[in-house]
Amino acid sequence: MAKHTDIATVLVEQKTGEQIEVKGWVRAFRANRFIALNDGSGANNLQVVVDYENFDDAIIKDISFHACIAVKGQLIESQGKGQAVELVAESIEILGANELDKYPLQPKRQTMEYLREQAHFRMRTNTFSSVFRLRHALAFAVHSFFNENGFYYMHTPIITGSDAEGAGEMFQVTTLDVNKPARTEDNKIDYSQDFFAKATNLTVSGQLQAEIGAMAMGKVYTFGPTFRAENSNTSRHLAEFWMIEPEVAFADLKDNMDLAEAFVKYLINYVLDKYMDDLKILDAKIQDDEKNMKAELRRPMGLIETLRFVVEDDFARITYSEAINLLRSSKPYKKGKFEYDVEWGVDLQAEHERWLVEKKFKKPVIVTDYPKDIKAFYMRMNEDGKTVAAMDILFPGIGEVVGGSQREERLDVLKARMTEMDVEHDELDWYLDLRRFGGNKHSGFGLGFERIVLFITGMTNIRDVIAFPRTPGNAEF
RNA sequence: GCCUCAGUAGCUCAGCUGGUUAGAGCGGCGGACUGUUAAUCCGUAGGUCGUAGGUUCGAGCCCUACCUGAGGCGCCA
């Protein structure tokens with residue numbers, strides 16, 4: 001028996017005249033004659049033509065929406081419009097029939113919220129199969145970009161005993177009996193009896209460990225799961241997400257920005273180059289979604305147009321202080337339209353970031369040199385003693401996609417900052433060692449993978465770009 | 001964690017100022033159909049109006065609490 005062929009391959013090679021076998025799920029069965037078959041290998045369906053007189057009624061009856069079938073036959077030039085080739089069915093095997101009266105999906109538009117509840121089936125829809133193919137492509141492109149640029153992929157720990165970074169609330173990892181944990185004599189929980197003989201958590205960032213790598217391997221990156229136990233209820237936050245964190249020795253803040261910008265553009269170019277079919281499906285979906293929306297709520301550009309625009313143009317680069325000045329002389333500020341005040345020393349609010357990105361520059365904006373008091377202890381202090389060498393990249397629609405900095409390499413300055421910000425020195429002694437012994441200038445950033453997938457797919461809720469989203473109160477599947 | 005909005009058939013929604021028997025489209029089911037592209041046509045079944053209380057002669061509609069979802073904010077990536 002011939003091995004079956006991926007539909008994507010059949011459609012690319014178009015070897016008409018050949019006998020082939022394909023396997024997949026029925027997307028539609030029209031006029032008792034035409035099956036739109038999809039096996040997930042690509043965005044496009046293969047049209048299978050059935051002469052029903054040649055088949056049992058029972059088989060014809062089982063060819064229904066999302067039933068799984070195998071088809072053997074000859075590939076021919078399509079006799080109809082809409083596709084180049086089609087498969088003339090000579091034999092059809094029902095691999096898995098479908099009970100339509102109980103099946104939660106329907107061949108019609110269904111809301112993202114409803115499909116989210118059907119996470120075990122939603123990948124069978126056009127939208128989600130495209131999203132997850134793009135997610136795969138982008139993950140692959142992450143590795144390919146760094147590999148091409150001389151970076152080493154580093155696996156930082158998922159369970160960590162280090163809780164000093166302060167990036168967010170953490171999930172505790174323990175094998176102690178939560179109902180009656182071991183206690184010390186003064187009735188505190190006795191972590192010396194826990195699995196790792198200390199309190200441990202799921203990682204909130206691999207950055208500090210990546211710095212260890214950079215101080216030996218030069219250019220490293222991590223790409224792995226990250227966990228935040230924040231009670232964040234937004235369309236841009238997950239409790240479990242994937243983060244990419246490059247760390248580069250001998251690099252200053254400008255090198256860091258150049259890297260981040262080149263990286264993001266590489267990812268976008270990668271899918272523009274290789275996954276246009278999926279982008280077209282999502283582009284069309286967005287246009288369809290926006291058809292009934294008021295003009296001012298629609299996106300100014302289509303998805304593919306937006307992606308091209310981002311890669312063709314330089315990102316805007318401004319300092320935090322310049323951003324404050326721009327905001328204070330902006331129309332919405334003068335008219336009192338902002339809900340929050342704009343004041344040097346206070347972090348930019350979402351509405352301020354949105355004005356900068358969507359109104360002022362109309363493209364991604366890199367904001368640098370934030371006040372030291374609103375940023376982390378490890379960011380390098382600038383000459384002015386007030387700001388640090390930090391940078392955030394803000395994207396239209398989703399806000400902060402990248403957060404990074406040049407790291408403080410001066411031992412005395414770093415220690416002073418840790419004291420100032422109440423960071424335990426003892427726990428991070430190894431981190432200080434990196435400065436004590438052969439330290440160097442270095443920089444890095446963190447990029448939320450789902451946020452960039454969100455931007456590139458044009459989806460609007462981060463829960464729809466990860467197969468099984470974890471959010472407060474929800475860990476289904 | 002805070003604010004706002006929503007929950008009516010399997011799905012997407014309509015349901016007037018509180019008033020008789022709860023409406024549509026799609027989907028399902030039964031049938032027709034051999035060039036369709038979200039196929040089309042005919043027929044048909046399907047509802048504890050999120051849950052629990054309350055107000056009222058009378059509640060899908062008003063009030064209270066809770067649950068679930070969405071949007072926004074904060075925290076961040």
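Each chain gets a letter, A, B and so on, in the order the sequences are listed, and its residues count up from 1. What you see below is based on every heavy atom in this structure, not just the backbone, and it leaves out hydrogens, waters and symmetry mates.
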task: Answer with yes or no whether A/S232 presents, from its side chain, a donor or acceptor under 3.5 Å of a partner atom in the base of B/C75.
output: yes
Pull out every protein N or O sitting under 3.5 Å from an N or O of nucleotides 38-44 of chain B, one pair per line with the distance.
residue: B/A39; atom: OP2; partner: A/R30; partner atom: NH1; Å: 2.6
residue: B/A39; atom: N7; partner: A/A31; partner atom: N; Å: 3.1

query: Checking all strands, does A/Q106 fall into the base, sugar-phosphate, or nothing category for heavy-atom contacts under 4.0 angstrom?
result: base
- prompt: Should A/T111 be listed as having a side-chain N or O under 4.0 Å from OP1 or OP2 of B/U12?
  reply: yes
- prompt: Within the pair A/N474 and B/G69, is there a side-chain N or O less than 4.0 Å away from OP1 or OP2?
  reply: yes
task: Quick one: label A/E113 by what it contacts on the DNA or RNA (base, sugar-phosphate, nothing), any heavy atom closer than 4.0 Å.
output: sugar-phosphate
query: Honestly, is A/K265 close enough over A/F315, meaning NZ or CZ under 6.0 Å from the six-membered ring centre and within 45° of the axis?
result: yes
- prompt: Heavy atom of residues 345-374 of chain A under 4.0 Å from RNA chain B: which residues?
  reply: A/Q349, A/A350, A/R354
- request: Report yes if a side-chain nitrogen or oxygen of A/N461 is closer than 4.0 Å to either non-bridging phosphate oxygen (OP1 or OP2) of B/G69; otherwise report no.
  value: no
message: Under 3.5 Å for both pairing distances: what stems, at least three Watson-Crick or G-U pairs long, include RNA chain B?
response: B:1-7 with B:67-73, B:10-13 with B:23-26, B:28-32 with B:40-44, B:50-54 with B:62-66
- prompt: A/E53 near the nucleic acid: base, sugar-phosphate alone, or nothing, with a heavy-atom cut-off under 4.0 Å?
  reply: base
- prompt: Does the base of B/U36 carry an N or O that pairs as donor and acceptor with the side chain of A/Q83 under 3.5 Å?
  reply: yes
message: Regarding B/U12, can its base be found pairing with the side chain of A/Q110 as donor and acceptor, where the two atoms are less than 3.5 Å apart?
response: no
hbond_proxy A/E86 side chain to B/G35 base (donor-acceptor, 3.5 Å cutoff): yes
message: Over all strands shown, is A/N45 touching base, sugar-phosphate only, or nothing at heavy-atom distances under 4.0 angstrom?
response: nothing
